[in-house]
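Here the structure comes first, spelled out in C-alpha coordinates, and everything after it is commentary.
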2 protein chains.
Amino acid sequence: MTSKRQSVTDRIYDALKQEIFDFALLPGDRFTEQEVAQRMQASRTPVREALSRLQRDGFVTVMFRAGWQVKPFDFEKFDQLYELRIFLELAAIKKLCEQQESPALDSLKNFWLVPVKDRLSHGPTVREQDEAFHCQLVEACGNEEMAKVHRNITERLRIIRRIDFTQAPRIEATYKEHGKILRAIIKRRTLEAQRLLQAHILESQAEVQKITLHMLHQARQT
Amino acid sequence: MTSKRQSVTDRIYDALKQEIFDFALLPGDRFTEQEVAQRMQASRTPVREALSRLQRDGFVTVMFRAGWQVKPFDFEKFDQLYELRIFLELAAIKKLCEQQESPALDSLKNFWLVPVKDRLSHGPTVREQDEAFHCQLVEACGNEEMAKVHRNITERLRIIRRIDFTQAPRIEATYKEHGKILRAIIKRRTLEAQRLLQAHILESQAEVQKITLHMLHQARQT
DNA sequence: TTCACTCATCATGTATGCAAGATGGTATTC
DNA sequence: GAATACCATCTTGCATACATGATGAGTGAA
(Lines give C-alpha, C1' and ligand atoms only; values in the text may rest on other atoms or scores of the structure.)
Protein backbone atom coordinates (compact mmCIF):
# COMPACT_ATOMS: atom_id res chain seq x y z
CA MET A 1 0.00 0.00 0.00
CA THR A 2 2.86 2.30 0.75
CA SER A 3 4.68 1.10 -2.33
CA LYS A 4 2.52 3.25 -4.57
CA ARG A 5 4.27 6.30 -3.25
CA GLN A 6 7.71 5.00 -4.15
CA SER A 7 9.36 7.55 -6.36
CA VAL A 8 12.15 6.92 -8.82
CA THR A 9 14.48 8.50 -6.29
CA ASP A 10 13.38 6.04 -3.60
CA ARG A 11 13.82 3.12 -5.94
CA ILE A 12 17.35 4.17 -6.84
CA TYR A 13 18.19 4.92 -3.22
CA ASP A 14 17.12 1.45 -2.13
CA ALA A 15 18.81 -0.24 -5.07
CA LEU A 16 22.13 1.50 -4.51
CA LYS A 17 22.08 0.79 -0.79
CA GLN A 18 21.39 -2.84 -1.52
CA GLU A 19 24.25 -2.96 -4.02
CA ILE A 20 26.56 -1.60 -1.36
CA PHE A 21 25.33 -4.18 1.15
CA ASP A 22 25.74 -6.94 -1.41
CA PHE A 23 29.25 -5.79 -2.32
CA ALA A 24 28.10 -5.25 -5.90
CA LEU A 25 29.59 -1.85 -5.19
CA LEU A 26 32.76 -2.35 -3.19
CA PRO A 27 34.11 0.05 -0.59
CA GLY A 28 36.46 2.41 -2.40
CA ASP A 29 34.77 1.89 -5.78
CA ARG A 30 34.36 5.01 -7.83
CA PHE A 31 31.49 5.68 -10.18
CA THR A 32 29.64 8.49 -11.92
CA GLU A 33 26.06 9.69 -11.83
CA GLN A 34 25.75 8.95 -15.53
CA GLU A 35 26.67 5.30 -15.02
CA VAL A 36 24.11 4.86 -12.28
CA ALA A 37 21.48 6.69 -14.29
CA GLN A 38 21.93 4.32 -17.23
CA ARG A 39 21.97 1.26 -15.03
CA MET A 40 18.80 2.38 -13.23
CA GLN A 41 17.08 3.55 -16.43
CA ALA A 42 16.54 7.06 -15.18
CA SER A 43 17.94 10.54 -15.54
CA ARG A 44 20.65 12.06 -13.40
CA THR A 45 18.22 14.08 -11.29
CA PRO A 46 16.77 11.29 -9.14
CA VAL A 47 20.18 9.61 -9.10
CA ARG A 48 21.70 12.75 -7.64
CA GLU A 49 19.02 12.96 -5.01
CA ALA A 50 19.45 9.33 -4.02
CA LEU A 51 23.23 9.74 -3.84
CA SER A 52 22.81 12.86 -1.79
CA ARG A 53 20.78 10.89 0.75
CA LEU A 54 23.27 8.07 0.77
CA GLN A 55 26.02 10.57 1.41
CA ARG A 56 24.15 11.96 4.38
CA ASP A 57 23.67 8.40 5.61
CA GLY A 58 27.41 7.87 5.43
CA PHE A 59 27.60 5.33 2.61
CA VAL A 60 29.14 7.35 -0.23
CA THR A 61 31.06 10.56 -0.75
CA VAL A 62 31.12 12.98 -3.62
CA MET A 63 34.33 14.42 -5.01
CA PHE A 64 33.92 17.87 -6.42
CA ARG A 65 33.40 17.40 -10.13
CA ALA A 66 35.31 14.17 -9.96
CA GLY A 67 32.79 11.42 -9.40
CA TRP A 68 31.46 9.50 -6.44
CA GLN A 69 33.00 6.90 -4.22
CA VAL A 70 31.66 4.17 -1.99
CA LYS A 71 33.04 5.07 1.41
CA PRO A 72 36.16 3.01 2.01
CA PHE A 73 36.34 0.84 5.11
CA ASP A 74 37.28 2.90 8.13
CA PHE A 75 37.80 0.67 11.12
CA GLU A 76 38.10 3.52 13.54
CA LYS A 77 34.67 4.67 12.41
CA PHE A 78 33.29 1.17 12.84
CA ASP A 79 34.60 1.14 16.41
CA GLN A 80 32.95 4.47 17.08
CA LEU A 81 29.68 3.19 15.66
CA TYR A 82 29.87 0.06 17.78
CA GLU A 83 30.49 2.16 20.86
CA LEU A 84 27.60 4.45 20.06
CA ARG A 85 25.38 1.46 19.42
CA ILE A 86 26.23 0.03 22.81
CA PHE A 87 25.44 3.32 24.54
CA LEU A 88 22.08 3.53 22.83
CA GLU A 89 21.08 -0.02 23.60
CA LEU A 90 22.17 0.27 27.23
CA ALA A 91 20.03 3.37 27.51
CA ALA A 92 17.15 1.54 25.86
CA ILE A 93 17.40 -1.29 28.37
CA LYS A 94 17.42 1.15 31.24
CA LYS A 95 14.25 2.73 29.90
CA LEU A 96 12.62 -0.63 29.26
CA CYS A 97 13.33 -1.85 32.77
CA GLU A 98 11.86 1.32 34.22
CA GLN A 99 8.63 0.95 32.28
CA GLN A 100 5.71 -0.79 33.92
CA GLU A 101 4.67 -2.76 30.86
CA SER A 102 6.30 -3.32 27.54
CA PRO A 103 4.00 -5.17 25.16
CA ALA A 104 6.43 -4.31 22.38
CA LEU A 105 8.70 -7.00 23.76
CA ASP A 106 6.20 -9.79 23.07
CA SER A 107 7.22 -10.42 19.51
CA LEU A 108 10.84 -10.60 20.60
CA LYS A 109 9.98 -13.16 23.25
CA ASN A 110 8.03 -15.20 20.72
CA PHE A 111 10.98 -15.38 18.40
CA TRP A 112 13.96 -15.81 20.69
CA LEU A 113 12.61 -17.66 23.72
CA VAL A 114 11.87 -20.89 21.89
CA PRO A 115 13.07 -24.47 22.27
CA VAL A 116 16.25 -25.45 20.46
CA LYS A 117 14.38 -27.47 17.85
CA ASP A 118 12.44 -24.41 16.69
CA ARG A 119 15.52 -22.32 16.11
CA LEU A 120 16.70 -21.20 12.70
CA SER A 121 20.15 -22.13 11.47
CA HIS A 122 20.52 -20.23 8.22
CA GLY A 123 23.31 -17.68 8.80
CA PRO A 124 22.02 -14.71 6.79
CA THR A 125 18.52 -15.11 8.17
CA VAL A 126 19.78 -15.18 11.74
CA ARG A 127 21.88 -12.08 11.06
CA GLU A 128 18.74 -10.34 9.84
CA GLN A 129 16.89 -11.44 12.92
CA ASP A 130 19.74 -10.39 15.15
CA GLU A 131 19.54 -6.93 13.63
CA ALA A 132 15.81 -6.91 14.18
CA PHE A 133 16.30 -7.96 17.81
CA HIS A 134 18.52 -5.02 18.61
CA CYS A 135 16.43 -2.55 16.63
CA GLN A 136 13.19 -3.69 18.22
CA LEU A 137 14.78 -3.48 21.64
CA VAL A 138 15.43 0.20 21.05
CA GLU A 139 12.08 0.77 19.40
CA ALA A 140 10.31 -0.88 22.33
CA CYS A 141 11.55 1.75 24.74
CA GLY A 142 9.40 4.30 22.98
CA ASN A 143 11.89 6.93 21.87
CA GLU A 144 11.50 7.12 18.11
CA GLU A 145 14.42 9.51 17.70
CA MET A 146 16.70 7.07 19.47
CA ALA A 147 15.40 4.30 17.26
CA LYS A 148 16.10 6.32 14.13
CA VAL A 149 19.70 6.99 15.07
CA HIS A 150 20.11 3.37 16.04
CA ARG A 151 18.70 2.15 12.74
CA ASN A 152 21.18 4.23 10.80
CA ILE A 153 24.06 2.89 12.86
CA THR A 154 22.82 -0.65 12.36
CA GLU A 155 22.74 -0.21 8.61
CA ARG A 156 26.22 1.23 8.53
CA LEU A 157 27.55 -1.67 10.54
CA ARG A 158 25.73 -4.22 8.43
CA ILE A 159 28.55 -4.35 5.92
CA ILE A 160 30.98 -5.77 8.40
CA ARG A 161 28.54 -7.57 10.65
CA ARG A 162 27.64 -9.93 7.85
CA ILE A 163 31.00 -11.50 8.45
CA ASP A 164 29.63 -12.72 11.74
CA PHE A 165 27.01 -15.48 11.64
CA THR A 166 28.98 -17.58 9.26
CA GLN A 167 29.57 -20.24 11.84
CA ALA A 168 27.08 -22.36 13.74
CA PRO A 169 28.59 -21.67 17.19
CA ARG A 170 27.97 -17.94 16.80
CA ILE A 171 24.37 -18.58 15.82
CA GLU A 172 23.84 -20.77 18.82
CA ALA A 173 25.51 -18.23 21.07
CA THR A 174 23.28 -15.51 19.67
CA TYR A 175 20.15 -17.42 20.62
CA LYS A 176 21.49 -18.10 24.08
CA GLU A 177 22.60 -14.53 24.71
CA HIS A 178 19.44 -12.93 23.37
CA GLY A 179 17.42 -15.25 25.55
CA LYS A 180 19.36 -14.29 28.63
CA ILE A 181 19.04 -10.60 27.90
CA LEU A 182 15.30 -10.85 27.39
CA ARG A 183 14.79 -12.78 30.59
CA ALA A 184 16.81 -10.23 32.53
CA ILE A 185 14.70 -7.42 31.10
CA ILE A 186 11.49 -9.24 31.91
CA LYS A 187 12.64 -9.57 35.49
CA ARG A 188 13.61 -5.91 35.48
CA ARG A 189 17.22 -6.67 36.34
CA THR A 190 18.60 -3.58 34.67
CA LEU A 191 22.27 -3.95 35.45
CA GLU A 192 22.36 -7.63 34.60
CA ALA A 193 20.60 -7.03 31.29
CA GLN A 194 22.97 -4.20 30.48
CA ARG A 195 26.01 -6.27 31.36
CA LEU A 196 24.79 -9.16 29.22
CA LEU A 197 23.97 -6.97 26.28
CA GLN A 198 27.28 -5.14 26.37
CA ALA A 199 29.13 -8.44 26.51
CA HIS A 200 27.01 -9.76 23.67
CA ILE A 201 27.82 -6.83 21.39
CA LEU A 202 31.48 -6.71 22.35
CA GLU A 203 31.81 -10.40 21.61
CA SER A 204 30.27 -9.98 18.19
CA GLN A 205 32.48 -6.96 17.59
CA ALA A 206 35.58 -8.90 18.59
CA GLU A 207 34.64 -11.72 16.28
CA VAL A 208 34.16 -9.34 13.40
CA GLN A 209 37.45 -7.60 14.12
CA LYS A 210 39.28 -10.88 14.22
CA ILE A 211 37.96 -11.99 10.87
CA THR A 212 38.39 -8.56 9.34
CA LEU A 213 42.02 -8.37 10.42
CA HIS A 214 42.56 -11.80 8.98
CA MET A 215 41.06 -10.67 5.69
CA LEU A 216 43.18 -7.56 5.66
CA HIS A 217 46.28 -9.61 6.40
CA GLN A 218 45.49 -11.89 3.49
CA ALA A 219 44.76 -8.99 1.21
CA ARG A 220 48.14 -7.43 1.99
CA GLN A 221 49.92 -10.65 1.17
CA THR A 222 48.49 -10.88 -2.32
CA MET B 1 39.37 29.08 3.64
CA THR B 2 36.72 26.46 3.45
CA SER B 3 34.21 29.04 2.34
CA LYS B 4 35.48 28.92 -1.22
CA ARG B 5 33.85 25.56 -1.63
CA GLN B 6 30.44 26.82 -0.61
CA SER B 7 28.00 25.94 -3.35
CA VAL B 8 24.69 27.63 -4.03
CA THR B 9 23.04 24.66 -2.39
CA ASP B 10 25.10 25.17 0.77
CA ARG B 11 24.30 28.85 0.86
CA ILE B 12 20.57 28.20 0.56
CA TYR B 13 20.73 25.39 3.10
CA ASP B 14 22.39 27.65 5.66
CA ALA B 15 20.11 30.57 4.90
CA LEU B 16 16.93 28.52 5.24
CA LYS B 17 18.11 26.92 8.45
CA GLN B 18 18.91 30.34 9.85
CA GLU B 19 15.48 31.62 8.84
CA ILE B 20 13.91 28.76 10.72
CA PHE B 21 16.05 29.46 13.79
CA ASP B 22 15.18 33.16 13.59
CA PHE B 23 11.47 32.43 13.22
CA ALA B 24 11.48 34.20 9.87
CA LEU B 25 9.95 30.90 8.83
CA LEU B 26 7.54 29.84 11.55
CA PRO B 27 6.77 26.26 12.48
CA GLY B 28 3.81 25.20 10.41
CA ASP B 29 4.49 27.75 7.66
CA ARG B 30 3.99 26.48 4.15
CA PHE B 31 6.01 27.58 1.16
CA THR B 32 7.01 26.52 -2.34
CA GLU B 33 10.32 25.84 -3.98
CA GLN B 34 9.65 28.65 -6.44
CA GLU B 35 9.25 31.20 -3.66
CA VAL B 36 12.52 30.19 -2.04
CA ALA B 37 14.28 30.16 -5.40
CA GLN B 38 13.23 33.71 -6.11
CA ARG B 39 14.11 34.92 -2.64
CA MET B 40 17.53 33.27 -2.83
CA GLN B 41 18.17 34.34 -6.44
CA ALA B 42 18.72 30.83 -7.68
CA SER B 43 16.96 28.11 -9.60
CA ARG B 44 14.82 25.39 -8.10
CA THR B 45 17.53 22.75 -8.35
CA PRO B 46 19.79 23.87 -5.49
CA VAL B 47 16.70 24.87 -3.52
CA ARG B 48 15.37 21.36 -3.83
CA GLU B 49 18.65 19.89 -2.74
CA ALA B 50 18.87 22.20 0.27
CA LEU B 51 15.29 21.40 1.24
CA SER B 52 15.98 17.72 0.85
CA ARG B 53 18.83 18.01 3.35
CA LEU B 54 16.73 20.04 5.73
CA GLN B 55 14.05 17.39 5.52
CA ARG B 56 16.55 14.72 6.44
CA ASP B 57 17.70 16.90 9.33
CA GLY B 58 14.15 17.07 10.56
CA PHE B 59 13.38 20.74 9.97
CA VAL B 60 10.92 20.64 7.07
CA THR B 61 8.62 18.17 5.34
CA VAL B 62 7.50 17.91 1.76
CA MET B 63 3.91 17.26 0.76
CA PHE B 64 3.58 15.35 -2.45
CA ARG B 65 3.04 17.95 -5.14
CA ALA B 66 1.57 20.26 -2.56
CA GLY B 67 4.40 22.39 -1.24
CA TRP B 68 6.73 22.34 1.74
CA GLN B 69 6.14 22.99 5.41
CA VAL B 70 8.32 23.98 8.31
CA LYS B 71 7.87 21.15 10.76
CA PRO B 72 5.29 22.14 13.33
CA PHE B 73 6.25 22.06 17.00
CA ASP B 74 6.05 18.57 18.37
CA PHE B 75 6.63 18.59 22.09
CA GLU B 76 6.76 14.84 22.36
CA LYS B 77 9.61 14.89 19.84
CA PHE B 78 11.38 17.59 21.81
CA ASP B 79 11.15 15.43 24.93
CA GLN B 80 12.62 12.51 23.03
CA LEU B 81 15.45 14.66 21.75
CA TYR B 82 16.16 15.96 25.24
CA GLU B 83 16.26 12.41 26.55
CA LEU B 84 18.58 11.28 23.79
CA ARG B 85 20.78 14.29 24.39
CA ILE B 86 21.09 13.40 28.05
CA PHE B 87 22.03 9.82 27.23
CA LEU B 88 24.72 10.96 24.83
CA GLU B 89 26.23 13.48 27.20
CA LEU B 90 26.21 11.04 30.11
CA ALA B 91 28.05 8.57 27.92
CA ALA B 92 30.49 11.27 26.90
CA ILE B 93 31.24 12.09 30.51
CA LYS B 94 31.81 8.45 31.28
CA LYS B 95 34.29 8.25 28.43
CA LEU B 96 35.99 11.49 29.43
CA CYS B 97 36.44 10.38 33.02
CA GLU B 98 37.95 7.11 31.86
CA GLN B 99 40.51 8.84 29.66
CA GLN B 100 43.92 9.59 31.08
CA GLU B 101 44.23 13.04 29.60
CA SER B 102 41.76 15.27 27.86
CA PRO B 103 43.42 18.37 26.46
CA ALA B 104 40.25 19.05 24.54
CA LEU B 105 38.73 20.22 27.81
CA ASP B 106 41.15 23.11 28.19
CA SER B 107 39.23 25.62 26.13
CA LEU B 108 36.12 24.76 28.11
CA LYS B 109 37.94 25.39 31.36
CA ASN B 110 39.24 28.70 30.08
CA PHE B 111 35.78 29.89 29.25
CA TRP B 112 33.64 28.63 32.11
CA LEU B 113 35.97 28.51 35.11
CA VAL B 114 36.45 32.25 35.38
CA PRO B 115 35.75 34.80 38.11
CA VAL B 116 32.30 36.34 38.20
CA LYS B 117 33.54 39.67 36.86
CA ASP B 118 34.76 38.06 33.64
CA ARG B 119 31.47 36.40 32.85
CA LEU B 120 29.24 37.37 29.94
CA SER B 121 25.70 38.49 30.54
CA HIS B 122 24.24 38.81 27.06
CA GLY B 123 21.52 36.15 26.82
CA PRO B 124 21.88 35.03 23.19
CA THR B 125 25.66 34.87 23.48
CA VAL B 126 25.48 32.74 26.59
CA ARG B 127 23.00 30.43 24.88
CA GLU B 128 25.46 30.03 22.03
CA GLN B 129 28.24 29.30 24.49
CA ASP B 130 26.04 26.91 26.40
CA GLU B 131 25.46 25.00 23.18
CA ALA B 132 29.18 25.02 22.51
CA PHE B 133 29.86 23.73 26.02
CA HIS B 134 27.71 20.68 25.56
CA CYS B 135 28.89 20.02 22.03
CA GLN B 136 32.54 20.31 22.96
CA LEU B 137 32.00 18.01 25.90
CA VAL B 138 30.85 15.32 23.50
CA GLU B 139 33.53 16.13 20.95
CA ALA B 140 36.21 15.93 23.63
CA CYS B 141 35.47 12.29 24.31
CA GLY B 142 36.77 11.45 20.85
CA ASN B 143 33.84 9.72 19.21
CA GLU B 144 33.10 11.78 16.13
CA GLU B 145 29.96 9.81 15.27
CA MET B 146 28.55 10.55 18.69
CA ALA B 147 29.41 14.19 18.22
CA LYS B 148 27.65 14.30 14.87
CA VAL B 149 24.43 12.87 16.24
CA HIS B 150 24.65 15.20 19.20
CA ARG B 151 25.15 18.24 16.99
CA ASN B 152 22.03 17.44 15.00
CA ILE B 153 20.01 17.07 18.18
CA THR B 154 21.38 20.33 19.50
CA GLU B 155 20.33 22.17 16.38
CA ARG B 156 16.85 20.72 16.47
CA LEU B 157 16.44 21.76 20.07
CA ARG B 158 17.82 25.24 19.43
CA ILE B 159 14.41 26.53 18.40
CA ILE B 160 12.94 26.00 21.82
CA ARG B 161 16.08 26.40 23.88
CA ARG B 162 16.37 30.01 22.86
CA ILE B 163 13.47 30.62 25.19
CA ASP B 164 15.84 29.84 28.00
CA PHE B 165 18.57 32.38 28.76
CA THR B 166 16.21 35.28 28.77
CA GLN B 167 16.64 35.88 32.44
CA ALA B 168 19.77 36.72 34.41
CA PRO B 169 19.26 34.00 37.06
CA ARG B 170 19.38 31.28 34.41
CA ILE B 171 22.60 32.70 32.99
CA GLU B 172 24.18 32.79 36.42
CA ALA B 173 22.99 29.26 37.11
CA THR B 174 24.45 28.09 33.83
CA TYR B 175 27.89 29.38 34.76
CA LYS B 176 27.68 27.78 38.18
CA GLU B 177 26.48 24.44 36.90
CA HIS B 178 28.93 24.20 34.04
CA GLY B 179 31.73 25.02 36.48
CA LYS B 180 30.66 22.26 38.83
CA ILE B 181 30.41 19.74 36.01
CA LEU B 182 33.85 20.58 34.70
CA ARG B 183 35.45 20.34 38.12
CA ALA B 184 33.84 16.96 38.69
CA ILE B 185 35.19 15.72 35.37
CA ILE B 186 38.65 17.03 36.13
CA LYS B 187 38.60 15.11 39.40
CA ARG B 188 37.31 12.06 37.52
CA ARG B 189 34.21 11.83 39.67
CA THR B 190 32.13 10.17 37.00
CA LEU B 191 28.89 9.66 38.85
CA GLU B 192 28.92 13.12 40.36
CA ALA B 193 29.58 14.73 36.99
CA GLN B 194 26.81 12.69 35.42
CA ARG B 195 24.37 13.57 38.17
CA LEU B 196 25.20 17.25 37.87
CA LEU B 197 24.90 17.27 34.11
CA GLN B 198 21.61 15.42 34.06
CA ALA B 199 20.21 17.82 36.64
CA HIS B 200 21.51 20.74 34.61
CA ILE B 201 19.81 19.63 31.42
CA LEU B 202 16.57 18.62 33.13
CA GLU B 203 16.42 22.01 34.80
CA SER B 204 16.86 23.80 31.52
CA GLN B 205 14.28 21.49 29.94
CA ALA B 206 11.81 22.18 32.72
CA GLU B 207 12.32 25.90 32.34
CA VAL B 208 11.71 25.69 28.61
CA GLN B 209 8.60 23.56 29.10
CA LYS B 210 7.20 25.99 31.62
CA ILE B 211 7.62 28.95 29.31
CA THR B 212 6.42 27.01 26.30
CA LEU B 213 3.27 25.89 28.05
CA HIS B 214 2.68 29.47 29.09
CA MET B 215 3.06 30.59 25.49
CA LEU B 216 0.72 27.89 24.27
CA HIS B 217 -1.83 28.85 26.89
CA GLN B 218 -1.68 32.46 25.78
CA ALA B 219 -1.91 31.49 22.14
CA ARG B 220 -5.06 29.47 22.81
CA GLN B 221 -6.70 32.39 24.54
CA THR B 222 -6.34 34.74 21.61
C1' DT C 1 64.56 10.19 -19.05
C1' DT C 2 61.91 13.17 -16.30
C1' DC C 3 59.39 17.09 -15.17
C1' DA C 4 56.14 20.63 -16.26
C1' DC C 5 52.69 22.65 -19.01
C1' DT C 6 48.62 22.59 -22.17
C1' DC C 7 44.36 21.26 -23.76
C1' DA C 8 40.65 18.03 -24.82
C1' DT C 9 37.54 15.35 -22.20
C1' DC C 10 34.61 14.42 -18.67
C1' DA C 11 31.94 14.91 -14.14
C1' DT C 12 29.44 17.50 -11.23
C1' DG C 13 26.73 21.87 -10.21
C1' DT C 14 23.04 24.66 -11.79
C1' DA C 15 19.21 26.18 -14.83
C1' DT C 16 15.24 25.18 -17.41
C1' DG C 17 11.49 22.50 -19.59
C1' DC C 18 7.81 19.23 -19.24
C1' DA C 19 4.43 15.92 -17.11
C1' DA C 20 1.51 14.04 -13.45
C1' DG C 21 -1.08 14.88 -9.71
C1' DA C 22 -3.03 17.84 -5.77
C1' DT C 23 -5.93 21.80 -4.62
C1' DG C 24 -9.49 25.01 -4.50
C1' DG C 25 -13.16 27.43 -6.52
C1' DT C 26 -17.23 27.29 -9.38
C1' DA C 27 -21.06 25.42 -11.49
C1' DT C 28 -24.55 22.08 -11.45
C1' DT C 29 -27.77 19.00 -9.44
C1' DC C 30 -30.75 17.29 -5.84
C1' DG D 1 -29.20 25.66 0.45
C1' DA D 2 -26.00 21.82 0.47
C1' DA D 3 -23.31 18.54 -1.69
C1' DT D 4 -20.85 16.82 -5.50
C1' DA D 5 -18.44 16.92 -9.80
C1' DC D 6 -15.43 19.30 -12.84
C1' DC D 7 -11.85 22.24 -14.41
C1' DA D 8 -8.15 25.77 -14.17
C1' DT D 9 -4.15 26.53 -11.61
C1' DC D 10 -0.37 25.41 -9.10
C1' DT D 11 3.46 22.41 -7.21
C1' DT D 12 6.47 18.90 -7.10
C1' DG D 13 9.03 14.98 -9.63
C1' DC D 14 11.77 13.92 -13.38
C1' DA D 15 14.34 14.87 -17.78
C1' DT D 16 17.41 17.59 -20.34
C1' DA D 17 20.63 21.40 -21.47
C1' DC D 18 24.40 24.25 -20.23
C1' DA D 19 28.51 26.06 -17.29
C1' DT D 20 32.47 25.42 -14.50
C1' DG D 21 36.17 23.19 -12.89
C1' DA D 22 38.96 18.66 -12.34
C1' DT D 23 41.69 15.12 -14.66
C1' DG D 24 44.93 12.98 -17.34
C1' DA D 25 47.23 12.10 -21.66
C1' DG D 26 50.44 14.03 -24.68
C1' DT D 27 54.05 17.20 -25.92
C1' DG D 28 58.08 19.88 -25.32
C1' DA D 29 62.07 21.34 -22.73
C1' DA D 30 65.80 20.56 -19.43
Side-chain angles (χ1 to χ4, degrees), chain A residues 1-20 24-72 74, chain B residues 1-20 24-72 74:
Chain A
M1 44 182 174
T2 165
S3 57
K4 180 66 211 307
R5 273 279 70 77
Q6 210 196 31
S7 60
V8 179
T9 301
D10 292 336
R11 178 173 62 81
I12 297 175
Y13 172 83
D14 289 338
L16 281 176
K17 200 154 78 169
Q18 197 56 47
E19 286 187 357
I20 294 175
L25 284 174
L26 287 166
D29 272 4
R30 294 183 63 169
F31 59 92
T32 69
E33 296 173 0
Q34 194 63 248
E35 279 169 44
V36 179
Q38 283 183 354
R39 197 146 44 86
M40 302 284 175
Q41 307 267 42
S43 80
R44 274 181 54 220
T45 307
V47 170
R48 271 181 71 76
E49 189 151 341
L51 285 172
S52 169
R53 287 191 209 167
L54 287 168
Q55 180 172 37
R56 203 144 194 83
D57 289 342
F59 294 110
V60 300
T61 44
V62 64
M63 281 114 144
F64 184 65
R65 263 157 228 223
W68 291 78
Q69 183 184 39
V70 182
K71 273 224 172 156
D74 179 344
Chain B
M1 42 183 173
T2 163
S3 58
K4 179 69 212 310
R5 275 278 71 78
Q6 208 195 32
S7 61
V8 179
T9 300
D10 292 335
R11 176 172 62 81
I12 297 175
Y13 172 80
D14 289 338
L16 280 176
K17 199 153 78 170
Q18 197 56 47
E19 287 187 356
I20 293 175
L25 283 175
L26 287 167
D29 271 5
R30 294 183 63 169
F31 59 93
T32 70
E33 296 172 0
Q34 194 62 250
E35 279 170 46
V36 179
Q38 283 184 353
R39 197 145 45 86
M40 303 283 177
Q41 307 267 42
S43 78
R44 276 181 52 219
T45 306
V47 170
R48 272 182 71 77
E49 189 149 342
L51 284 173
S52 168
R53 286 191 210 167
L54 286 169
Q55 180 172 37
R56 203 147 194 79
D57 289 342
F59 294 111
V60 299
T61 45
V62 65
M63 280 112 144
F64 183 66
R65 265 159 226 217
W68 293 76
Q69 182 183 39
V70 182
K71 271 222 174 158
D74 180 343

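A straight line from CE of A:Met40 to C1' of D:dC14 spans 16 Å, rounded to a whole angstrom. In this structure, CD of B:Gln69 is placed 13 Å from P of D:dT12, rounded to the nearest angstrom. We find that CZ of A:Arg30 is positioned 13 Å from P of D:dA22, with the value rounded to whole Å.
Rounded to the nearest 0.5 Å, atoms CZ (B:Arg39) and CD1 (B:Ile12) are 10.0 Å apart. Here the CG atom belonging to A:Leu16 is positioned 10.0 Å from the CH2 atom belonging to A:Trp68, to the nearest 0.5 angstrom.
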Checklist entry - What string of B, S and - do you get for nucleotides 7-15 of chain C, 5' to 3', if B is base contact, S is sugar-phosphate-only contact and - is no contact with any protein heavy atom under 4.0 Å? => result ----BBBBB
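Note on A:Arg53 versus A:Asp14: no salt bridge recorded, every NZ/NE/NH1/NH2 to OD/OE distance being 4.0 Å or above.
Here B:Arg65 pairs with nothing under the salt bridge (charged side-chain N to carboxylate O under 4.0 Å, His left out) rule; sequence neighbours left out.
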For residues 44-51 of chain A, please give each side-chain donor-acceptor pair under 3.5 Å, one per line with the distance, not counting sequence neighbours.
from	atom 1	to	atom 2	distance (Å)
A:Arg44	NE	A:Glu33	OE1	2.9
A:Arg44	NH2	A:Glu33	OE1	2.9
A:Arg48	NH1	A:Glu33	OE2	2.9

